[in-house]
Amino acid sequence: MKIVKIIAVAFAAGLASGSAALADGYKDCTKLDKASWKTTADAEAKAKAAGYEVRQTKIEGSCYEVYGVKGGKLFELFYSPEDLALKHTKAK
């Protein structure tokens, strides 16, 4: 019986830590099909126009996640691939 409790507690702790990891980024930017999205290069250009030095770009859920440096600080910028609207900014 004790082993079952230990396993249940370990499982719950694993779920809690996994949920925290998933909550790290912003993932819901558009419902449009990917065929309708603007390009990642367009998202990078938008970040550069806002004064960021772009380091990396990836797709996070239905968002473009652009990593950029501005004023010596690293930021994550989440753009809607639909219209390149900035949905969320997170300082790292």
- [ ] Please answer: with hydrophobic residues joined when any side-chain heavy atoms are less than 4.5 Å apart, are Tyr79 and Ile59 in the same cluster?
- [x]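 Both belong to a single hydrophobic cluster.
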
TODO: Determine, using the 4.5 Å side-chain heavy-atom cutoff (strictly less than), whether Tyr67 and Val69 are members of one ILVMFWY cluster.
DONE: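 Both belong to a single hydrophobic cluster.
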
Open item on the list: Is there a side-chain contact between Pro81 and Ser62 in this structure, where contact means two heavy atoms from C-beta onward sitting under 4.5 Å apart?
Closed with: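 Not touching, per the 4.5 Å side-chain cut-off.
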
Task: Side chains of Leu77 and Tyr52 in contact at under 4.5 Å (non-hydrogen atoms) - done: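 A side-chain contact exists here, since the closest heavy-atom pair is under 4.5 Å.
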
Grab the two heavy atoms, one from [X] and one from [Y], that are nearest each other, plus how far apart they are.
X: Glu60; Y: Tyr26; answer: CG-O, 3.8 Å
X: Lys48; Y: Val54; answer: CG-CG2, 3.7 Å
X: Lys38; Y: Glu82; answer: CE-O, 3.7 Å

Open item on the list: Between Lys90 and Phe78 (side chain of the first, backbone of the second, donor and acceptor by atom type, cut-off under 3.5 Å), is there such a pair?
Closed with: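 No: the side chain of Lys90 does not pair with the backbone of Phe78.
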
Task: Lys87 side chain to Cys63 backbone, donor-acceptor under 3.5 Å - done: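 No, Lys87 side chain to Cys63 backbone: no donor-acceptor pair under 3.5 Å.
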
Measure the [atom1]-[atom2] distance between [X] and [Y] for me, rounded to the nearest 0.5 Å.
X: Gln56; Y: Glu65; atom1: CD; atom2: CD; value: 8.0 Å
X: Lys70; Y: Glu53; atom1: NZ; atom2: CD; value: 12.5 Å
X: Leu84; Y: Thr30; atom1: CG; atom2: OG1; value: 10.5 Å

- [ ] Indicate the ring-plane relationship of Trp37 and Tyr64, choosing parallel, tilted or perpendicular according to the 30° and 60° boundaries.
- [x]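 Correct class here is perpendicular.
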
